[in-house]
Amino acid sequence: MKKLFAVLLAAAMLWGLAACGAPEKAEFSLFAMDTYMTLVAYGDEASDALTESARAINDLEQRLSRTREGSEIRAVNHSGRAAIDSETAALLTEALVFSAETDGAFDITVAPLVDLWAINSDSPHIPSQAEIDALLPLIGCDHVTVDGSAVTLDVGCAIDLGGIAKGYASDVVAEIFAEHGIKSGTVSLGGNVYVCGKRPDGKPWNVAVQDPQGDGYACMLSLTDTFAVTSGGYQRYFTAEDGTVYQHIIDPATGYPARSDLLSVTVVCPSGTRADAYSTALYVMGEEAAIRFWESQQAGDHAFEAVFVTADGRIACTPGLADQFVPQEDASYEVQLLNR
Ligand code: AMP
Ligand code: MG
């Protein structure tokens, strides 16, 4: 892995020392956490920031992966109890809070169901109701106990951080950027975007919300210094022989892939981890409950903005994004601004 990392570093890093004192630009791409990632930074320490960020992402993957030999999460799932790094323990604790906040729509204990359906694998499986029913009692965050650096799972339970790891990685990268004095940059970790400051020309960054039904984009958001995370059934799915599409986000209440009336949810807020958890949860909830959840969070510390692309052809946008929302003229969606 180290070798691969070194090769990627050498191959993908492009240095551009622009003329006339313009800030140094560094750019880096890598494949990690099962997705393509691109990082761009402007600043005197841009190259160091990206080298450190790439190393941190690889370290996180090694720690948080469910399948990697030697990973902390694999150890927890294998033995039902393991000592973990304090940062991982803090992330698990946060994940349990997100689960409570979203009434279980976001739930890291979906792991046994994720394995049963195996939608992200080469051999997905359509289980019987009996197979699903056998696993449902194992789902629920009360099966997880974090005590200091020790994590314990009830027998048969397992955890999957796939719904939060990339968002967490984007928070870690944002910290590294700050430590290196980076005032401008973008980080795209497969649907998880962090925009640092403004563009070098002083304008906001344009973040495209992908069209879940096509190759282009559904709309654009003009954003500064924030995180924008998208979840959607279109990102990973398989189509059965009878034409039924099974997508990768599981409804923990039913054990089935969520049958959402949303095609995608983009959450914009100052925490990548939270945006990642919420976007997954809101997709599971569906439009009505997602909007109720958005309303319920407005008054507190965890307010967020969102863009919902609905299965019936609308883009519903929360009012806090009204000034940042840039419609895509060719897209066929009807745009709606939600009321506060
Ligand atoms: P995301 O792309 O962030 O929406 O996360 C989806 C990934 O999280 C899936 O591929 C699973 O690994 C995992 N996952 C699936 N359903 C859930 C859920 N309801 N809560 C938390 N994680 C989930
Ligand atoms: Mg997520």
Side-chain angles (χ1 to χ4, degrees), residues 32-37 60-61 64-68 71 73-74 77 91-92 94-121 124 132 135-136 138-141 143-144 157-171 188-194 209-210 212 227-238 246-260 262-269 271-286 289-290 293 304 306 308-309:
M33 298 183 172
D34 213 17
T35 193
Y36 286 98
M37 302 183 165
L60 278 177
E61 179 173 25
L64 305 180
S65 159
R66 212 140 73 75
T67 49
R68 285 256 182 124
S71 97
I73 300 306
R74 188 178 146 129
N77 286 342
L91 179 61
L92 288 189
E94 214 181 352
L96 301 181
V97 172
F98 295 143
S99 190
E101 283 179 350
T102 61
D103 206 12
F106 176 82
D107 190 335
I108 56 173
T109 66
V110 289
L113 289 164
V114 171
D115 288 344
L116 179 66
W117 287 91
I119 287 165
N120 295 340
S121 79
I132 293 169
L135 296 183
L136 285 176
L138 304 175
I139 314 304
C141 278
H143 292 302
V144 185
C157 297
I159 53 176
D160 177 341
L161 297 184
I164 205 176
K166 291 192 283 286
Y168 179 64
S170 69
D171 279 331
S188 173
L189 313 181
N192 291 244
V193 173
Y194 163 57
V209 173
Q210 205 180 320
F227 296 82
V229 176
T230 301
S231 284
Y234 69 95
Q235 291 171 333
R236 288 162 202 257
Y237 62 87
F238 84 94
Y246 297 91
Q247 57 72 36
H248 71 131
I249 300 173
I250 305 284
D251 182 344
T254 64
Y256 281 81
R259 294 183 179 129
S260 188
L262 297 169
L263 298 180
S264 77
V265 181
T266 301
V267 170
V268 179
C269 79
S271 155
T273 311
R274 181 174 296 277
D276 199 356
Y278 281 5
S279 63
T280 306
L282 269 58
Y283 180 84
V284 171
M285 289 178 194
F293 181 72
F304 64 93
F308 303 102
V309 182

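Atoms within each ligand, like the ligands themselves, are counted from 1 in listed order.
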Once rounded to the nearest 0.5 Å, what's the spacing between atom CG of L161 and atom CG of L91? 5.5 Å

Evaluate whether atom CG of D115 has more than 12 neighbouring non-hydrogen atoms of other residues, nucleotides or ligands under 6.0 angstrom away. yes

Between D107 and ligand 1, is there a nitrogen or oxygen pair with a distance under 3.5 Å? yes

Sole residue of I250, D251, I132 in side chain to side chain contact (heavy atoms under 4.5 Å, CB included) with Y256: I132

At what distance, to the nearest 0.5 angstrom, does CG of D107 lie from CD1 of I139? 7.0 Å

What's the verdict on side-chain contact (heavy atoms from CB on, under 4.5 Å) for T102 and F293, showing C-alpha distance, side-chain angles and the deciding distance? CA-CA 8 Å; T102 61; F293 181 72; 3.9 Å; yes

Using a cut-off of 6.0 Å, state whether more than 12 heavy atoms not belonging to Y36 lie near its atom OH. no

Nearest to atom 10 (O) of ligand 1, what protein heavy atom do you find, and at what distance? H248 ND1, 2.9 Å

N or O contact, A105 vs ligand 1, cut-off under 3.5 Å: yes

So between A111, G163, A275, whose heavy atom ends up nearest atom 5 (O) of ligand 1? G163

Side chain, backbone, both or neither: which part of D160 comes within less than 4.0 Å of ligand 1 when only heavy atoms are counted? side chain

At less than 4.0 angstrom from any non-hydrogen atom of S231, what atoms of ligand 1 do you find? 1 (P), 3 (O), 4 (O)

Can you list everything that forms a ring-ring contact (aromatic ring centres under 6.0 Å, His included) with Y237? Sequence neighbours excluded, please. none

Which residue owns the protein heavy atom closest to atom 17 (C) of ligand 1, what's the atom, and how far is it? V110 CG2, 3.7 Å

Enter the distance from D276:CG to S271:OG here, rounded to the nearest 0.5 Å. 9.0 Å

Structural part of I250 in contact with ligand 1, heavy atom criterion under 4.0 angstrom: both

I need the nearest protein heavy-atom contact for atom 1 (P) of ligand 1: residue, atom name and distance, please. T280 OG1, 3.3 Å

Exam field: side chain S231 to backbone V265, donor-acceptor pair closer than 3.5 Å: no

Closer than 2.8 Å to the Mg ion (ligand 2) - protein N, O or S atoms, ordered by chain and residue number: G163 O, D276 O, D276 OD1, T280 OG1

Let me confirm one number: the CZ-CZ distance from R274 to F304, rounded to the nearest 0.5 Å. 9.5 Å

One should read off an interatomic distance between M33 CE and Y168 OH, to the nearest 0.5 angstrom, of 10.0 Å

Does only the side chain of N120 get under 4.0 Å from ligand 1, or the backbone, or both, or neither? Count heavy atoms. side chain

From OH (Y278) to CZ (F98), nearest 0.5 Å: 6.0 Å

Is there any N or O on F106 that sits under 3.5 Å from an N or O of ligand 1? no

In this structure, does ligand 1 have an atom that sits under 4.0 Å from one of the heavy atoms of P252? yes

